Amino acid sequence: MRRLKQEIYFPIIVGIHFIFWAIDLYFYQGSFKEVSSDTMFFGELTDVTWKNPHRILGEVFSSWVVTVFAFNFLMATRARWVENLFGGLDKMYLIHRRSGVIAVFLLLAHFFVVPRDLVEFNPGKPLGFYAFALILIGVILSAAPIFKRKIPYHKWINFHKLMGVFYVMGVVHGIMVLSLIKELPITRIYVFGMAFVGIVAWFYRAFLFGLFNKKLYYTVNTVKDLGNGISEIGLVPKAKELGFRAGQFAFFTFPTISKREQHPFTISSHPNDKSHLQITVKGLGDFTDGLADKLNGGDEVRVEGPYGKFTTAHSKEKEQIWVAGGIGITPFLSLIKDYYTNKITLFWCVANEDEAPYRKRLEETAKNNPLLDFILWPSDKRGHINVDDMSIRDPKEKSYFVCGPEPLKKSLFKQLKAEGVKQQDIHDEEFSFR
């Protein structure tokens, strides 16, 4: 499964800017000049040509900020073609988060380096400062772990939606103030064109998304508390059923809990069971804690999806190794019901045996399927799993699917690559969209 990974995405964003700026500056014949401009740390620039590094670097940084945020807003639309480009919505949102952090550093660099015209007052100047401050606050609240833990999701998401307003303020600032970029044809078209795309994408996501992405309506049929903070929710469709592939997830809204909050959950039932949709949820925050106690039979549920590329359709010709960590077992509960022509070995890593409510079900499934081996791995008795523990023959000839906490994934990925396994044969799913 080929996808645009962050190792490729970020160099592309950087490279495009360098190319456009280099071409424009090479052929530039204009007379842009700092008549009287002030810099944060480098003093005043008087009658200095456009060739001064403060002007060029300051505007290069700002153009990066504009385009990085534009792509982020485009990602937020959840458009299928964008998801396909990044190999899944979970991978896309990981890049989305990291792009936001990078954009803040670029914004800081712009603020500290770019010259400020002192000749005349322009309302774009204070507007730019306000946009800078608000975007800075917004990204810190969105990305800093301490705030992600302390701020309830519904409050966090409402503030996060305001990032589009702050972005528009920043773009208007760029249009109003004196700038070199306005005299560079290729860079100007690219940057302001991407700004337009970003604003349209944000407007669509904020105001039109619900009109074009119709949700399916389900009803809570069963609610089970499986212990250890795990809830199993069974849903039945009111009308149209959700079409999905094993291993995918969807966004669920429970109006009896919150009318506007959406949360992504992996679907643990199989697509063939169209009359019954099941999700298995681990209490990991303010919304999911005690979810079984918050729902009752007959409650309405809105479902949007499906999303995700954590499917085995592209790897069924190979023997597969599946590794689940804790609640990361959920996609595999659906995947084990698919048809396979080669051997599958499923390792379920849990802290202790009491945290494996599906143990008997998986053991029974493996007993009835000669192509499936199931191994429960309680870390309190066996320690943390590693590749050597799996006793894999010819590791380079197999495909690997891992869903679980980040430390588990990083450890296994490092070990698999050391065994010569190619990146294209290692598949994972992200846990957090926040």
Side-chain angles (χ1 to χ4, degrees), residues 10-74 99-100 102-136 139 164 166-200 202:
F10 292 118
I12 289 176
I13 296 296
V14 173
I16 289 174
H17 277 80
F18 272 125
I19 292 171
F20 289 166
W21 272 96
I23 293 173
D24 271 337
L25 291 178
Y26 181 79
F27 290 104
Y28 181 59
Q29 299 294 325
S31 57
F32 185 93
K33 179 182 289 188
E34 307 291 344
V35 177
S36 178
S37 301
D38 185 38
T39 59
M40 180 68 73
F41 297 116
F42 308 103
E44 187 174 340
L45 304 178
T46 303
D47 293 329
V48 177
T49 70
W50 62 269
K51 295 180 180 180
N52 71 87
H54 311 292
R55 172 60 60 182
I56 295 174
L57 286 176
E59 294 200 24
V60 166
F61 291 143
S62 66
S63 64
W64 272 338
V65 172
V66 170
T67 53
V68 166
F69 272 119
F71 280 116
N72 268 18
F73 288 123
L74 190 60
S99 294
I102 291 172
V104 162
F105 284 101
L106 294 171
L107 193 59
L108 285 168
H110 165 73
F111 183 75
F112 291 143
V113 174
V114 72
R116 296 159 181 80
D117 177 41
L118 299 176
V119 175
E120 61 180 357
F121 172 78
N122 187 310
K125 295 177 184 179
L127 187 64
F129 175 77
Y130 296 142
F132 162 75
L134 291 169
I135 289 174
L136 186 64
V139 173
F166 308 154
Y167 179 74
V168 172
M169 292 169 58
V171 172
V172 173
H173 155 76
I175 294 172
M176 296 181 70
V177 298
L178 182 71
S179 67
L180 173 62
I181 197 173
K182 294 177 183 178
E183 299 187 20
L184 306 178
I186 300 176
T187 308
R188 180 181 69 244
I189 292 172
Y190 173 66
V191 173
F192 286 108
M194 286 306 305
F196 176 77
V197 170
I199 293 172
V200 170
W202 166 74

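Hydrogens, waters and symmetry mates play no part in the numbers below; they use all other heavy atoms, side chains included. Remember, predicted model here, so these are calculated numbers, not experimental data.
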Going by side-chain contact (heavy atoms from CB on, under 4.5 Å), name the residues that satisfy it together with [X], two or more places apart in sequence or in a different chain.
{"X": "Ile102", "value": "Phe10, Leu106"}
{"X": "Ile19", "value": "Ile23"}
{"X": "Phe121", "value": "Pro123, Pro126"}
{"X": "Ser179", "value": "Glu59, Ile181, Lys182"}

Taking all non-hydrogen atoms of both residues into account, name the closest pair between [X] and [Y] and its distance.
{"X": "Ser63", "Y": "Val191", "value": "CB-CG2, 3.5 Å"}
{"X": "Ala103", "Y": "Val68", "value": "CB-CG1, 3.9 Å"}
{"X": "Asn52", "Y": "Pro115", "value": "OD1-CG, 4.2 Å"}

Taking side chain to side chain donor-acceptor pair (under 3.5 Å) as the test, write out the residues that go with [X], two or more places apart.
{"X": "Ser62", "result": "none"}
{"X": "Thr67", "result": "His17"}
{"X": "Ser36", "result": "Glu44"}
{"X": "Asn72", "result": "none"}

Please collect all side-chain hydrogen bond (donor to acceptor under 3.5 Å, both in side chains) contacts where either partner lies in residues 22-32, sequence neighbours excluded, each pair once.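 Applying side-chain hydrogen bond (donor to acceptor under 3.5 Å, both in side chains) to every pair that reaches into residues 22-32, excluding sequence neighbours, yields Asp24-Thr187, Tyr28-Glu183.
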Contact list for residues 122-134, test side-chain hydrogen bond (donor to acceptor under 3.5 Å, both in side chains), sequence neighbours left out: none
Is any side-chain heavy atom of Val14 closer than 4.5 Å to a side-chain heavy atom of Trp64?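 They are in side-chain contact.
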Is His110 reaching over with its side chain to a backbone N or O of Gly58, donor-acceptor style, under 3.5 angstrom?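 Yes.
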Once rounded to the nearest 0.5 Å, what's the spacing between atom [atom1] of [X] and atom [atom2] of [Y]?
{"X": "Trp50", "Y": "Phe32", "atom1": "CH2", "atom2": "CZ", "result": "11.0 Å"}
{"X": "Phe111", "Y": "Leu136", "atom1": "CZ", "atom2": "CG", "result": "10.0 Å"}
{"X": "Trp21", "Y": "Ile186", "atom1": "CH2", "atom2": "CD1", "result": "12.0 Å"}
{"X": "Ile13", "Y": "Met194", "atom1": "CD1", "atom2": "CE", "result": "7.0 Å"}

Keeping to residues at least two apart or across chains, list the salt bridge (charged side-chain N to carboxylate O under 4.0 Å, His left out) pairs with something in residues 30-40.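 Every salt bridge (charged side-chain N to carboxylate O under 4.0 Å, His left out) pair that includes a residue of residues 30-40, provided the two are not neighbours, is Glu34-Arg55.
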As a test of understanding, state which of Phe61, Phe41, Phe105, Phe132 forms a ring-ring contact (aromatic ring centres under 6.0 Å, His included) with Phe112.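 Exactly one option meets the ring-ring contact (aromatic ring centres under 6.0 Å, His included) with Phe112, and it is Phe41.
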Show me the donor-acceptor pairs within less than 3.5 Å that the side chains of residues 167-178 make with the rest of the protein, sequence neighbours left out.
from	atom 1	to	atom 2	distance (Å)
Tyr167	OH	Val66	O	2.8
His173	ND1	Gly124	O	2.6

